[in-house]
Amino acid sequence: GHRASGAAVELGGLAAAAAKVAAADAASKACSVTAESKLRANETFAKLKATLTVWAKQKAQRQIERAVDKIPGVAKRMLEDEQMPRAVSRSKDRLVDSLWPDVRTEILWEVAVALDRAEAQPEEEQEGVDACRAFFRYHLYPYDRSFWGNLRDPFWVVFNIVPLIPVFGIYPAWFFFVFLVIDKSDEFQLIQYILSFKGMAFISQGVLRAVIGFGAFLVCVTGRADDREHDCDERGPGSHGSIWPTTIGFVAQVVLVWVAFLLLRCSGKKGRSTLKGTVSVQAEGHATVKGGYIIYFLWYDLLMFLICVGIVAWVVSTRPEFDLDDWPVQHAVFSVLVLCGLLSAPFFVFTLPLLQRVLTHTIPTAYDRKGVCRKIGRPKPLDRPTKVVEETVTDAEVTDLYAKIKAILPMAPPV
């Protein structure tokens, strides 16, 4: 009997142990199944979330595109005037239609960036250029300064005054130096170089030289007040020194801007943001051409240059023995420089911030202190000293006032 009862107890223990093992295995399998289910559920939820995000972004983009496509009609109606001649009205409509693809491309690009901009990657430690180029690059086009911040930099001020000197070929010589300094692998830097070169020509070579020439003419003709004599051969416009430095600088202007334009084919857009790929923008108009509309202005500038050269050639042909140092030739060279500078005024259209973006399809870039070309950043805030606000009433004054009140009112409670 004792043996039978012992065997039964032993069998019961074995059965309990087996049950525990089975229960543990079942719990382990249940946990495994639960973990796998959670993992699959998370994966499914992530895919669903990504799908919904793509759908929402594409839906928003299509709705914005429909709204944007209504802008040309609105612009035409706003610019319309009942008393406007029909020819002018049709020209206005054609101008809106011709520029709209470029405007639309830039608007939709900004929409795409707002919807699907890729997270900014940490700035890679790029190796800078040599110290000389880095110095001039940063002080010419700093990436972390606004216009008012640049005014605080004396080097920036000097570098922008030098090309305004309208004598001795300083203006073209300076921009030849700038051409050697800038990063010619970036599209915006090349476009900015062309626009700065030609835009500055309007001021330095056109307006300032016109004022100087007018003054020189007054000195050599009107100043003498003699109907029969003048000394314009010695003191007239362009009569000081040799004409060769000025002529070489005049030709270099055209050569340098065209070399910069040809280099655009090998350049990249270092200022453009990147998209995740959820939405895309189809380039329209001149956005497919590097430089945008600037090619038409360069052809215009080349035509004006050839006309000016023709004027000088005609004047040289009228001189005995084609003497290039004769004072009428010097006056002619001076005059065509002024004329060509004034005819550079259309390039100022590109310097307007919004129009420059639409007409050239470039994003501004600048340089850091190592001379590396990068996207323009926000200006650093100035370290202004914190003003310490003094207390209007100090604790000592409060205590003294309370003591005086206590002295006046004897029944006041003690402090």
Side-chain angles (χ1 to χ4, degrees), residues 159-179 193-224 230-258 260-261 294 296-319 322-352:
F159 293 163
N160 282 271
I161 290 177
V162 169
L164 292 176
I165 302 175
V167 295
F168 305 120
I170 294 178
Y171 155 74
W174 171 256
F175 275 98
F176 176 71
F177 171 74
V178 173
F179 181 77
Y193 174 78
I194 295 172
L195 297 181
S196 299
F197 202 164
K198 301 306 300 180
M200 195 68 72
F202 174 73
I203 300 175
S204 176
Q205 189 172 277
V207 176
L208 295 181
R209 285 181 71 91
V211 173
I212 293 174
F214 179 73
F217 181 79
L218 289 179
V219 170
C220 73
V221 177
T222 309
R224 294 180 62 88
H230 67 81
D231 56 357
C232 288
D233 55 335
E234 298 178 357
R235 306 173 65 181
S239 299
H240 304 283
S242 175
I243 67 170
W244 290 110
T246 305
T247 304
I248 293 173
F250 183 44
V251 175
Q253 295 180 40
V254 179
V255 174
L256 287 174
V257 295
W258 275 97
F261 177 77
I294 200 172
Y296 302 113
F297 287 78
L298 289 180
W299 283 119
Y300 156 81
D301 181 68
L302 181 60
L303 177 61
M304 297 301 103
F305 170 77
L306 294 177
I307 292 175
C308 292
V309 170
I311 294 174
V312 175
W314 175 76
V315 173
V316 171
S317 66
T318 62
R319 309 318 301 162
F322 302 104
D323 186 6
L324 296 178
D325 290 326
D326 202 358
W327 66 269
V329 177
Q330 295 175 333
H331 286 200
V333 172
F334 185 93
S335 300
V336 298
L337 282 175
V338 173
L339 176 62
C340 198
L342 294 176
L343 291 174
S344 298
F347 284 90
F348 267 109
V349 175
F350 285 88
T351 61
L352 301 176

From [atom1] ([X]) to [atom2] ([Y]), nearest 0.5 Å:
X	Y	atom1	atom2	value
Leu343	Gln205	CG	CD	10.5 Å
Tyr171	Phe250	OH	CZ	10.5 Å
Arg209	Ser335	CZ	OG	9.5 Å

Please find the pair of heavy atoms, one from [X] and one from [Y], that lie closest to each other, and give the distance.
X	Y	result
Leu208	Leu164	CD1-O, 3.2 Å
Tyr193	Ala260	CD2-CB, 3.9 Å
Asp301	Ser344	OD1-OG, 4.3 Å

With a sphere of 6.0 Å drawn around CZ of Phe176, does it hold more than 12 non-hydrogen atoms of other residues, nucleotides or ligands?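 No - once you tally the heavy atoms of other residues, nucleotides and ligands closer than 6.0 Å, there are 12 at most.
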Could you check whether atom CZ of Phe214 has more than 12 heavy atoms from other residues, nucleotides or ligands sitting under 6.0 Å from it?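 Not buried by this count: 12 neighbours or fewer within 6.0 Å.
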Taking the side chain as C-beta and beyond, is there a heavy-atom pair between [X] and [Y] under 4.5 Å?
X	Y	answer
Ile165	Trp174	no
Val178	Phe197	no
Ile194	Phe175	no

Between Phe202 and Phe347, is the gap from one ring center to the other below 6.0 Å?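 No, too far apart.
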Counting N and O atoms only, with roles assigned by atom type, does the side chain of Ser204 sit under 3.5 Å from a partner on the main chain of Met200, one being a donor and the other an acceptor? no
Between side-chain atoms of residues 303-318 and protein atoms elsewhere (two or more places apart, or another chain), which donor-acceptor pairs fall under 3.5 Å?
from, atom 1, to, atom 2, distance (Å)
Ser317, OG, Trp314, O, 2.5
Thr318, OG1, Val315, O, 2.5

I would like to know whether Phe261 and Trp258 meet ring-ring contact (aromatic ring centres under 6.0 Å, His included); could you show each step before the answer? CA-CA 5 Å; Phe261 177 77; Trp258 275 97; 5.8 Å; yes
